[in-house]
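Naming: A, B, ... by sequence-line order, numbering from 1 per chain. Note that the structure is predicted; figures quoted are calculated from it, not measured.
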Amino acid sequence: MSAKIEEIRHSAAHLVASAVCSLFDNVKVDIGPSTDDGFYYDFDMEHRLCVEDFPAIEKAVRKLIGTALPFVREEVSREQAKEIFKDQPYKLERLADIPEGDTITIFRTGDYVDLCRGPHVEHSGNVGAVKLMSVAGSYYRGDEHNKMLQRLYGIAAPSVKELDAIVAQLEEAKKRDHRKLGKELELFTITESVGPGLAHWLPKGARVRIAIEDYWRHEHFRNGYEMLFTPHLGRANLWQTSGHLNFYKDGMFPPMEVTEGDGDKAVKEPYYVKPMNCPFHIQAYLFKKYSYRDLPVRFAELGTVYRYEKDGVRHGLFRVRGFTQDDAHIFCAPDKIEEEIRFTVKFCLHILHRFGFNDITAYLSTRPEKAVGDPAKWEQATNSLRAALEAEGMAYEVDEGGGAFYGPKIDMKIKDALGRQWQLGTIQFDFNLPERFNLVYTGEDGKEHQPYMVHRALLGSLERFFGILIEHYAGAFPTWLAPTQVKVMPITDDQVGYAKTVIAQLQSADVRVESDLANDKIGAKIRRATLAKVPYMLVIGGREAEAGVVAVRSREKGDLGTMTPEAFLDLLRAEIHE
RNA sequence: GCCAGUGUAGCUCAGUUGGUAGAGCUACUGAUUUGUAAUCAGUGGGUCGCCGGUUCGAGUCCGGCCGCUGGCUCCA
C-alpha cells in the first residue's frame with residue numbers, strides 16, 4: 001500500500017468523523033485507522049447509525065472535499081490536548097496512552113479536531129472520493145467486556161474513477177465468493193434442517209474432494225506415511241487424559257451419555273464426539289512397542305472432527321462445525337527431529353504447489369509465558385523448525401511467544417489469486433500429550449525414551465481448503481481437479497450413438513466426463529458448459545461422427561480443431577500430469 | 001454472545017399507502033434436429049423462515065425465536 005493511499009484513507013476517516021459530528025448530537029469519537037482496503041471510524045452516540053444515514057453522511061463528506069479544507073497539524077502540550085478533548089473520553093484515553101515526552105499532535109479540518117499522529121493529505125480536496133460500505137458494532141479496544149461502539153466502514157480514493165475501480169475489485173471478489181459459486185456450480189450445501197456449520201458435499205463437490213483425497217493419499221504413501229481410520233467418538237476419560245475436557249470443553253459438542261453394564265454395576269458413561277484426532281492416533285501408537293529403528297512413525301488420517309464453534313463465527317466453508325482435517329502425527333526420536341521437520345516442510349510445500357499456491361510465507365511461533373515441557377526441548381524444537389525453514393530458503397516471520405502452551409509451531413500462509421492471505425498448513429510440536437499418555441520408544445541403549453510428537457496438517461481442513469480453492473480458481477478448477485473434465489455434446493440426435501462410444505472410451509480411462517443430450521442448439525449447450533466452467537467440450541456433429549473424430553473446445557484456449565478421441569486423451573493426460 | 005442488515009417457487013428476484021402472491025431461468029410435456037454463449041409453445045411448482053399479536057382482513061404493521069450476510073470477540 002503506497003503511503004499516499006494510506007494518507008487518503010486516513011484523511012477520509014477524519015472527514016467522515018467530522019461529517020458525523022456535524023450531523024448528529026453528542027458524538028464521542030474513538031479512532032479511525034486505514035485498513036487493507038479502506039478505513040473505519042468508531043463512534044459512541046445515541047443515534048443508531050444505519051445505511052439510510054449513509055447518503056447524508058456521504059453528502060456532508062463531499063461538501064468537505066469540495067471546499068478543499070486544509071489538514072492543519074499542530075503540536076500541543078498534554079494540558080492543551082486535555083482541554084481540547086475534554087468532551088471526548090475516548091480521545092482522553094488514547095491521550096493517556098501516549099508516553100510522557102512524546103510529541104502530541106492534533107489535526108484540524110475546519111471545525112473538526114482530532115488527536116492524531118498523521119500524516120494526512122494537504123487538504124480535503126486530495127481525498128477525492130469516499131463511499132461508506134457498512135456499519136457494524138465493535139467493542140471498544142476489541143474487548144468484549146467493553147462498551148460496543150458503532151463502526152462505520154468506508155473506502156476512499158483520489159478520484160471517483162479510482163473509487164469505482166475499488167468497487168469493481170470488491171465485486172470481483174464477491175463473484176468468486178465460494179458460497180455463491182458453491183450454489184451455482186452445485187458443489188456443496190449447508191441446510192438449516194441439519195444444522196448450521198454442517199456441510200454437505202454435493203456430487204460435483206464430492207468429485208473435487210475425491211480428486212484432492214486421491215492425490216493426498218497417494219503422496220502420503222509415497223512419502224513414508226501410514227493411514228489410519230479412527231472412531232468419531234471417545235469416552236470422557238480419554239478426553240480427560242488428553243486434557244481437552246479441561247482446556248477446550250466449550251469448544252466441544254456436549255456429551256452423549258450411555259449406560260454400560262447391568263443392574264447394580266450399571267455405570268453412566270459419557271462419550272464425546274472428537275474435536276481432534278490426536279488421542280486416537282496416540283492409541284494407534286500405544287498398540288505396540290516401538291524401537292528407535294521404527295521411528296519416525298508417521299500416522300495420517302483424513303479425520304472428521306466436530307467443534308462447537310460459537311454463533312457468529314461461522315462463514316460458509318471457512319468456519320464450520322464439522323470438518324475433515326488432513327491430519328498426521330509424527331513420532332520421532334529427538335536426535336532425528338531436525339531432519340524430520342525439514343522433510344515435513346518440504347512435503348508441505350510440494351503439496352501446496354500442486355494446488356496452485358506458490359506464494360507461501362511461514363510464521364514461526366515460539367515459547368509463550370505459560371508453557372509445559374522442558375525449556376531445553378523447546379529450544380531444540382524451535383531450532384529445528386527454524387533450521388528447516390532456512391534450509392528450504394523460505395521467507396518466514398517470527399511470532400515471539402505465539403506458540404501454543406504445549407509446543408512451538410510453524411504456520412504456512414498462502415496468497416490466493418486475488419492476493420488474499422490464508423493460513424493453511426501447520427507443523428506443531430506437542431510436549432503435552434506424550435507426557436499425558438506416557439508415550440515411549442526403546443532406544444539403542446535398551447531404555448525407554450519419550451519421542452517427540454508433531455501434529456501436522458497441510459491443507460488444514462478439507463472444507464476450508466475447498467472454499468479457498470473455489471475462490472482461488474473462481475470456480476474454474478484446473479483439469480485435474482475439475483468435477484466435470486469433459487462435456488460431450490452431439491449436435492443432433494443422429495450423433496448420440498457415436499457420442500456414447502466416445503464417452504465410454506473416456507470413462508474407461510478414468511476421465512470425469514458428462515454428456516449434454518438435451519434437445520437444444522449447440523450454442524445453448526456451449527453456454528451451459530461454459531457457465532459450469534468445464535475445461536473441455538467435445539462437439540460432435542455429422543462430420544466428426546463420420547470421420548471418427550471430435551471437435552475440441554478448451555475453456556482456456558478456445559477452439560483446438562478436430563482430433564481422434566485417442567489424441568484428445570493424450571492431450572488430457574499430459575495436462576493432468578504436468 | 002454483541003451491533004447492523006436480511007429471509008417471497010429448486011435458482012435469481014418483483015410485490016405500490018395492509019385486501020389470502022408474480023416474472024425469468026430450472027423441471028415436466030409437445031413441436032423443432034439445430035455447427036460453437038440462450039429455439040418456440042404449453043404445464044407444473046409457494047404454510048411468503050417459524051411462533052405469537054394487532055386488524056373484518058397480514059408477504060406487508062408489532063413482538064419473540066431461527067437461519068443467513070457484514071463486522072466485533074473467538075479459532076486448541
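Nucleic acid contact class of A/Lys525 (heavy atoms, under 4.0 Å, all strands): none. At the heavy-atom level, A/Ala551 lies under 4.0 Å from base atoms of the strands shown. Contact annotation for A/Asp520: base contact, defined as any heavy-atom pair under 4.0 Å involving a base atom. Among the atoms of the strands shown, none is found under 4.0 Å from any heavy atom of A/Tyr40. Contacts of A/Gly243 with the nucleic acid, taken as non-hydrogen atoms under 4.0 Å apart, are absent. Residue A/Arg543 is classed as a base contact, given a heavy-atom separation below 4.0 Å to a base. A/Gly542 comes within 4.0 angstrom of a nucleotide base, judged by non-hydrogen atoms across all strands.
To the nearest whole angstrom, the two C1' atoms, one in B/G59 and one in B/A9, are 14 Å apart. Comparing the same atom, C1', in B/A23 and in B/U6 gives a spacing of 22 Å after rounding to whole Å. Look at the C1' atom in both B/G44 and B/C50: the space between them is 27 Å, to the nearest Å. Rounded to a whole angstrom, the distance from the C1' atom of B/U54 to that of B/G71 is 35 Å. Atom P of B/C74 sits at a distance of 32 Å from the matching atom of B/G63, rounded to the whole Å. Comparing B/G7 with B/C28, their C1' atoms sit 29 Å apart, to the nearest whole Å. A gap of 16 Å separates the C1' atoms of B/A4 and B/U73, to the nearest Å. Separation of the C1' atoms belonging to B/G49 and B/U8 is 10 Å when rounded to the nearest angstrom.
Below 30°, between 30° and 60°, or above 60°: for A/His244 and A/Trp239 the angle between ring planes is above 60°, a perpendicular geometry.
A/Glu463 places no side-chain N or O within donor-acceptor distance of the main-chain N or O of A/Leu317, the cut-off being under 3.5 Å. Not a single donor-acceptor pair under 3.5 Å links the side chain of A/Tyr473 to the backbone N or O of A/Pro478. The main-chain N or O of A/Gly197 is never found under 3.5 Å from a side-chain atom of A/Glu309 such that the two would form a donor-acceptor pair.
Distance A/Phe43 CZ to B/C3 C1': 15 Å, rounded to the nearest Å. In this structure, A/Arg555 places its CZ atom 17 Å from C1' of B/U36, rounding to the nearest Å. Atom CG of A/Leu202 is separated from atom C1' of B/G10 by 12 Å (rounded to the nearest Å). A/Lys521 places its NZ atom 12 Å from the C1' atom of B/A37, with the value rounded to the nearest Å. Going from atom OH of A/Tyr41 over to atom P of B/C3 covers 24 Å, rounded to whole Å. Spacing between atom CE of A/Met133 and atom P of B/C3 amounts to 23 Å, rounded to whole angstrom units. Rounded to whole Å, atom P of B/C72 lies 12 Å from atom NE2 of A/His315. A/Ile526 places its CD1 atom 11 Å from the P atom of B/G35, with the value rounded to the nearest Å.
A donor-acceptor pair shorter than 3.5 Å can be found between the side chains of A/Gln428 and A/Tyr406.
Here the nucleotide nearest the side chain of A/Ala524, chosen from B/U39, B/C68, B/G35, is B/U39. Comparing B/G70, B/U36, B/U33 by their closest approach to the side chain of A/Asp493 singles out B/U33. Of all nucleotides listed (B/G70, B/C2, B/U36), B/U36 comes nearest to the side chain of A/Arg553. When distances are taken from the side chain of A/Lys183 to each of B/U12, B/C68, B/U33, the shortest belongs to B/U12. Comparing B/G71, B/C68, B/A38 against the side chain of A/Arg151 picks out B/G71 as the nearest.
The base of B/G7 lies outside donor-acceptor range of the side chain of A/Glu192, with no N or O pair under 3.5 Å. With hydrogens and angles ignored, no donor-acceptor pair closer than 3.5 Å exists between the side chain of A/Asp559 and the base of B/U36.
Salt bridge annotation for A/Arg176-A/Asp416: absent, with no cationic side-chain nitrogen under 4.0 angstrom from a carboxylate oxygen. Contact check on A/Glu514 versus A/Arg207 returns no salt bridge, with no Lys/Arg side-chain nitrogen under 4.0 Å from an Asp/Glu carboxylate oxygen.
Taking the centre and axis of the six-membered ring of A/Tyr306, the NZ or CZ atom of A/Arg321 falls outside the cone set by 45° and 6.0 Å. For the pair A/Lys413 and A/Tyr363, the cation sits on the ring face: its NZ or CZ lies under 6.0 Å from the ring centre, inside 45° of the axis.
Shown here, B/G42 forms a base pair with B/C28; the pair counts as Watson-Crick or G-U wobble because both key distances fall under 3.5 Å.
Aromatic pair A/Tyr140/A/Tyr90: centroids less than 6.0 angstrom apart.
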What N/O pairs connect the protein and nucleotides 74-76 of chain B at under 3.5 Å? Give each pair on its own line.
| from | atom 1 | to | atom 2 | distance (Å) |
| --- | --- | --- | --- | --- |
| B/C74 | O2 | A/Arg319 | NH1 | 3.3 |
| B/C74 | O2 | A/Arg319 | NH2 | 2.9 |
| B/C74 | N3 | A/Arg319 | NH1 | 3.3 |
| B/C75 | O4' | A/Arg319 | NH2 | 3.3 |
| B/C75 | N1 | A/Arg319 | NH2 | 3.4 |
| B/C75 | O2 | A/Arg319 | NE | 3.3 |
| B/C75 | O2 | A/Arg319 | NH1 | 3.2 |
| B/A76 | O3' | A/Tyr406 | OH | 2.4 |
| B/A76 | O2' | A/Tyr248 | OH | 3.3 |
| B/A76 | O2' | A/Tyr406 | OH | 3.1 |
| B/A76 | N7 | A/Arg307 | NH1 | 2.9 |
| B/A76 | N6 | A/Arg307 | NE | 3.1 |

